[in-house]
Every structure is written in C-alpha cells, then in structure tokens.
Amino acid sequence: MLKTPSISAFPTGTLVLITALGLAGAAAIPASAAERITLANGFDLVCNHHAMVDGRIRVFPRAADETDYLELKPEDVTGFETVPDPPVERKADGGDAAKQSAPLAGAKKPDARLTAADMHQLLSNAGAEHNVDADLLASVVKAESDGNVRATSRAGARGLMQLMPGTAQQLGVTDSFAPDQNVRGGTTYLDWLLTRYHDNIALALAAYNAGPQAVDRYHGIPPYHETRLYVARVIHEFNRRVSAREKMAGQDMASAFMGTH
C-alpha cells in the first residue's frame, strides 16, 4: 500500500487542507511586513499578500511569484491585518536535525538537471521500492532543490532531496550529488519518517525539514516559520499532482469507453 494521504484524508480545498494540519502562519513572510488572514474556523495563516480573483481569495506566500498561491473561499475568511515579521527560531536539533535555510540552487555548483523522463523514472523506482507515492517524492524534490542535482543550501544540505552530510552517511550515500544515491537515500529517510509517524504526512515532512527531535519535542509541527511553510508547500504541490493525475486517469477512461462504442 502506498504511503500517501488519500483524498478523503485531505479534503478538497486548500483551506481545509491547511487548517486540518493546523498550519497557522504557513505561508511565507517578507522581512518587513506581511498579512495575517483570520479564518472562520479559528485558525489563521500568514502570507505576503492576497487578491480577489474570480470570486475566490488567492493567498500568495511570496511577493516575487504570482504563480504560487493558495485559494480560499471568501466565506472562510473573517479578516485581514498587516503584521511585522515575527522573530524566527532557527535552532538546529543535534547538528543534522534541522535544515533551517532554503536551498541555494546550485550554490558554488553548476546547475544540473535531469530530463523530465529521467526524473520520473528515478522517482518511480524509488517510490516503488519503498511504497511511497512518486508524486509525493516529486513534491519534496521540488521544494528542496527545484530539481537541481547540484543544489547546496547554506546549512550544507546537498542534492535533489537536500541530504545533510551526517544523514547521508547514515543512509549509506557516498555522493549526495549523484541523483540515484540522493533520491534513494532521501526516500529511505522519508519512508522511515512516515513509518515513525504512522503515515502522517504532515509530521513526516516536518521531521524531514526540522528533524524528528523537533517534532517530538513540540508533539506536532514545530513553531519554526520555515518548517510550517515547507509542509504547506509540499502538500499543496502534492495535492496538485494528485488532482492532475486523477483528471488524466478520468480522461483515459472516458477515451477508452468511447473507443469501445
């Protein structure tokens, strides 16, 4: 059985998804100011800005990317306010436990990317080996390195799934910039985290980003701004991929049905 949240586990609609995870303040905050959106169910989330588009509220995590947004229904929002950026706790848990800095795509390394077909094959093989949905792995890769096999973070995480050196060594990865080794190691680690947290994808992703010690200490997603953003972004991308996959499957079934009549 694939270790992946089902559509019933994460109801349709970004609002339901985020609030079900309890990710208050899940969106990115700029250094100077941001918006806090109060939701009708009592939760809130912090973003860069919002806009009303086609009768729905688009919540934008970053000022520079208008293509990256979450959508909410107007009736699910009770208010907006401008707030300053709160101080962010950036405490590592035992060296490799936290990766509290975003990857610098190709920092000190030339940019290198696999073809879409090679990436799909690589993730599919790793997912099949560990019973982890390949679309979940693709979502993690997108958030971690945006597909750059030479990506290096300020904290020292490397490769497609941004393995810290100590973690890579424990997983038997000798070259984190080798796509097959990196993905195999990252998938092994994510599989272990999913098992540890009983297939709770939110907690597994939080532990992948901030370390299991932090998740255990706070009995849930830790109050690290980057970690909450990370979990929200990965699940948002995963839901998008699952929806596209199901839509394509539906179209294939319709075509097959029409072909028999």
Side-chain angles (χ1 to χ4, degrees), residues 2-23 25-29 45-48 56 58-72 99 102-103 105 113-114 116-124 126-127 130 132-149 151 153 157 159-162 179 182-183 186-187 189-191 193-194 197 199-210 221 224-249:
L2 290 179
K3 295 181 179 178
T4 170
S6 64
I7 295 300
S8 59
F10 292 104
T12 56
T14 302
L15 173 68
V16 178
L17 172 63
I18 292 179
T19 54
L21 295 174
L23 299 183
I29 309 176
L45 66 95
V46 178
C47 65
N48 180 274
R56 298 177 72 87
R58 288 187 181 181
V59 179
F60 297 90
R62 297 175 296 178
D65 189 355
E66 294 293 313
T67 65
D68 184 14
Y69 60 85
L70 311 175
E71 280 196 345
L72 307 176
K99 297 180 295 180
R113 297 178 185 276
L114 302 177
D118 287 343
M119 179 70 79
H120 176 75
Q121 189 63 50
L122 185 64
L123 298 177
S124 295
H130 291 276
V132 177
D133 194 305
D135 281 327
L136 177 58
L137 296 177
S139 301
V140 171
V141 168
K142 180 176 177 61
E144 291 286 352
S145 66
D146 197 27
N148 181 6
V149 302
S153 78
L160 289 172
M161 297 186 72
Q162 289 291 279
N182 189 285
V183 168
T187 303
Y189 185 44
L190 183 59
D191 181 21
L193 291 171
L194 285 165
Y197 296 109
D199 291 341
N200 185 317
I201 188 174
L203 295 184
L205 290 172
Y208 193 93
N209 178 263
I221 298 173
Y224 303 147
H225 177 71
E226 181 179 334
T227 298
R228 294 189 170 198
L229 166 63
Y230 175 83
V231 174
R233 288 174 64 84
V234 173
I235 293 179
H236 177 64
E237 174 65 15
F238 178 62
N239 275 8
R240 184 191 69 79
R241 288 176 176 270
V242 170
S243 295
R245 184 174 69 194
E246 292 185 341
K247 181 179 180 180
M248 182 174 296

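What you see below is based on every heavy atom in this structure, not just the backbone, and it leaves out hydrogens, waters and symmetry mates.
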Calculate, to the nearest 0.5 Å, the distance between atoms [atom1] and [atom2] belonging to [X] and [Y] respectively.
X: L160; Y: N148; atom1: CG; atom2: CG; answer: 7.5 Å
X: L122; Y: N182; atom1: CG; atom2: CG; answer: 9.0 Å
X: L114; Y: L123; atom1: CG; atom2: CG; answer: 8.5 Å
X: H236; Y: R233; atom1: NE2; atom2: CZ; answer: 8.5 Å
X: S139; Y: L205; atom1: OG; atom2: CG; answer: 9.0 Å

Once you measure the plane-to-plane angle for Y189 and Y208, does it fall in the parallel (<30°), tilted (30-60°) or perpendicular (>60°) bin?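 Ring orientation of Y189 relative to Y208: tilted.
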Side chain to side chain donor-acceptor pair (under 3.5 Å) involving R58 - partner list, sequence neighbours excluded: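 Testing R58 for side chain to side chain donor-acceptor pair (under 3.5 Å), a comparison that skips the adjacent residues, returns Y69, E71.
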Evaluation steps, side-chain contact (heavy atoms from CB on, under 4.5 Å), between H130 and L137: CA-CA 11 Å; H130 291 276; L137 296 177; over 6 Å; no
Can you list everything that forms a side-chain contact (heavy atoms from CB on, under 4.5 Å) with A206? Sequence neighbours excluded, please.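 So A206 forms a side-chain contact (heavy atoms from CB on, under 4.5 Å) with V215, I221, P222, T227, V231.
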Do you know the tightest heavy-atom contact between [X] and [Y]?
X: R245; Y: D135; answer: NH1-OD2, 2.7 Å
X: F238; Y: I201; answer: CD2-CD1, 4.5 Å
X: G159; Y: S145; answer: O-CB, 3.5 Å

Stepwise, does the side-chain contact (heavy atoms from CB on, under 4.5 Å) test hold for D118 with Q121? CA-CA 5 Å; D118 287 343; Q121 189 63 50; 5.6 Å; no
Within the structure provided, determine whether R113 and D146 are in side-chain contact (heavy-atom separation under 4.5 Å).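 The answer is yes; the side chains approach within 4.5 Å.
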Validation row: Y224, N209 side chains within 4.5 angstrom (heavy atoms):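 Of all side-chain heavy-atom pairs linking N209 with Y224, none is under 4.5 Å.
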Answer yes or no: is there an ion pair linking R241 with E237, defined by an N-O contact shorter than 4.0 Å?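 Counted as a salt bridge, because a side-chain N and a carboxylate O are separated by less than 4.0 Å.
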Report the C-alpha separation of M161 and V141 in whole Å, then their side-chain angles, then the decisive distance to 0.1 Å, and conclude whether the side-chain contact (heavy atoms from CB on, under 4.5 Å) test is met. CA-CA 5 Å; M161 297 186 72; V141 168; 3.8 Å; yes
What do the steps show when you test Q162 against V140 for side-chain contact (heavy atoms from CB on, under 4.5 Å), and what is the final call? CA-CA 10 Å; Q162 289 291 279; V140 171; over 6 Å; no
